[in-house]
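For reference, the structure discussed in these notes is given below.
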Amino acid sequence: MLTIWGRTNSINVMKVLWVCDEIGLTYQRIDAGMQYGVVDTADYAAMNPNRRVPVIDDDGFVLWESNTIVRYLAGRHARVDLLPDDPRGRADCERWMDWATASLASSMTPLFWQLIRTPADRRDDKVVARAAAETEQFMAILEARLAGRRYLCGDHLTVADMPVGAFVHRWLALPVDRPALPALQAYYGRLLERAPYRTHVAHPLS
Ligand SMILES: N[C@@H](CCC(=O)N[C@@H](CS)C(=O)NCC(=O)O)C(=O)O
C-alpha cells in the first residue's frame, strides 16, 4: 500500500501525485500541511523531522523530499522511460530537477507567495519586482532548452518535467507580465494534453 501525506495545492505534493498517475499507481492520500495540520504531530515528525509535505509510506518504506520520491517511484516501477537507467541520461534529468529546486524555486516561491498567498495590502512590491525579473531569466533558460525538444530531456516525458512543469504552470497562471516564449508555451500545451498534469497540476492557484 502506498500512502501519500500532503495537501493538493502544494507544488511538491503535485509532482508526486503526477508521477503516480503517469505510472498508474493506486494510493491513498492524507491531507496534511497548512490548514490541515498533521505535520505538527509527533507521529508525523517521526516520519519527516522537517515537518513538511509530501511524505510517502510505500509498504513500510518512508520517504520525504519530493524530487527523491518522484525518482524512487519511477525507479521502483522500472519506468526507464521516466527515469533513464544510463548514467548520462539520468544525470541530465536530475540536473533539471536540482535546478528547479535550487534556482527556479528561489524566485518562484516568493513570487507565488506574494501574489497568491499574501493579501494585496501586505505585499512588498520590491520583492515582487525582483522575483518576477529573476524568474524571467530562469524561464529564458528553459525557453532555450526547449527549442526543438518536445520535453525537457528529449522526445518524451521524464522525471525532469515534473518539478519544472509544475513551476511552468504556476508562472503562466500568475498575474505577471511575461515575454513571449513560444517553445515554453508549446511545452505547456503538450503537458496540458496529459490527464495526470491536468488533474494534479494545472489548477487555479491557491
Ligand atoms: N524540499 C522539500 C520541500 C517541502 C516543502 O517545503 N513543502 C511545503 C509545501 S510545498 C510545506 O510542507 N509547507 C508547509 C505546510 O504545508 O504546512 C520537498 O521537495 O519535498
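All ligand and atom numbering here is 1-based and tracks the order in the structure. Position 1 is the first residue of the sequence; numbering continues from there.
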*Among protein heavy atoms, which lies nearest atom 17 (O) of ligand 1, and at what distance?*
Met34 N, 2.7 Å

*For ligand 1, is there an N or O atom under 3.5 Å from any N or O atom of Ser66?*
yes

*Run the salt-bridge test on Arg145 and Asp92 with the 4.0 Å N-O cut-off and return the result as yes or no.*
yes

*For atom 13 (N) of ligand 1, find the nearest protein heavy atom and state the residue, atom name and distance (0.1 Å precision).*
Arg52 NH1, 3.4 Å

*Any Lys/Arg nitrogen of Asp125 or Arg123 sitting under 4.0 Å from an Asp/Glu carboxylate oxygen of the other?*
no

*If you draw the axis of the six-membered ring of Trp64, does the NZ or CZ of Arg52 fall within 45° of it and under 6.0 Å from the ring centre?*
no

_Considering non-hydrogen atoms of the protein only, which is the closest contact for atom 1 (N) of ligand 1, and what is the distance?_
Glu65 OE1, 2.8 Å

*State whether Tyr36 and Arg7 meet the cation-pi test: NZ (Lys) or CZ (Arg) under 6.0 Å from the six-membered ring centroid, and within 45° of the perpendicular axis.*
no

*Candidate with minimal heavy-atom separation from atom 8 (C) of ligand 1, of Val53, Leu63, Asn9, Asn48*: Val53

*Looking at Arg170 and Ser10, what are the two nearest heavy atoms and their distance?*
NH2-C, 4.4 Å

*Judged by atom type as modelled, is there a donor-acceptor pair below 3.5 Å linking the side chain of His169 to the main-chain atoms of His203?*
yes

*Arg7: heavy atom below 4.0 Å from ligand 1, yes or no?*
yes

*asked:* Suppose we measure from atom 3 (C) of ligand 1 to each protein heavy atom; which comes out shortest, and what is that distance?
replied: Asn12 ND2, 3.6 Å

_Atoms in ligand 1 flagged as close to Pro54, the criterion being non-hydrogen separation under 4.0 Å_ = 20 (O)

*Gly33: numbered ligand 1 atoms lying under 4.0 Å from its heavy atoms*: 15 (C), 16 (O), 17 (O)

_Identified side-chain contact (heavy atoms from CB on, under 4.5 Å) counterpart of Ile56 within the set Val16, Thr3, Val62_ = Val16

*Heavy-atom nearest option to atom 10 (S) of ligand 1, drawn from Ala32, Ser10, Gly6*: Ser10

